[in-house]
Amino acid sequence: MILPRGKQNADPVYAGWFSLNGNGEMTGTAWVDESGFLEGPVAITNTHSVGVVRDAVIEWACAQKPSTRQWSLPVVAETY
């Protein structure tokens with residue numbers, strides 16, 4: 001996981017995304033497109049673990065800040 005502002009600061013950062021070749025899985029891009037912000041960590045994993053890592057990031061975020069339970073769309077991307 002990459003925490004854009006570190007562990008002590010959860011403020012959003014400006015964000016955008018780009019697909020180099022159109023391959024690969026990535027969650028959370030719809031909210032980045034709509035808001036222009038990243039409101040949590042970015043996780044990188046393998047192709048078959050994107051969903052598992054997304055669920056783990058949500059669980060971690062809920063443990064850090066209980067109000068996250070209401071809504072969460074983490075950015076998780078695969079890398080080859």
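In this chain, numbering begins with 1 at the start of the sequence shown.
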Item to complete: Establish whether Leu3 and Val53 are linked, either directly or via other cluster members, by ILVMFWY side-chain heavy-atom contacts under 4.5 Å.
Response: yes
Worksheet item: Going hydrophobic residue to hydrophobic residue with side-chain gaps under 4.5 angstrom, can you get from Val32 over to Val42?
Response: yes
Fill in: OG-CD distance between Ser72 and Glu59, expressed to the nearest 0.5 angstrom
11.5 Å
Worksheet item: Closest heavy-atom contact between Ala15 and Phe37?
Response: CB-C, 3.9 Å
Worksheet item: Among Val75, Val50, Val76, which one satisfies side chain to side chain contact (heavy atoms under 4.5 Å, CB included) with Met26?
Response: Val75
Worksheet item: With hydrophobic residues grouped by side-chain heavy-atom distances under 4.5 Å, do Trp31 and Trp17 end up in a single group?
Response: no
Practice prompt. Give the minimum heavy-atom separation between Pro41 and Met1, together with the two atoms involved.
Written response: CG-SD, 3.8 Å
Fill in: Heavy-atom closest contact (Ile2 atom, Pro4 atom, distance)
O-CD, 3.4 Å
Worksheet item: Counting only heavy atoms not in Glu25, do more than 12 sit closer than 6.0 Å to its CD atom?
Response: no
Response to the item:
So CD1 of Ile44 and CD of Glu78: to nearest 0.5 Å the spacing works out to 11.0 Å
Discussion item. Please give me the minimum heavy-atom distance between Val57 and Ala43, naming the atom from each residue.
Written reply: CG2-CB, 4.0 Å
Practice prompt. Indicate yes or no for a side-chain donor-acceptor contact from Thr27 to the backbone of Pro74 under 3.5 Å, with no hydrogens or angles considered.
Written response: yes
Worksheet entry | Nearest-0.5 Å distance, CG of residue Asp11 to CG of residue Leu38 | 12.0 Å
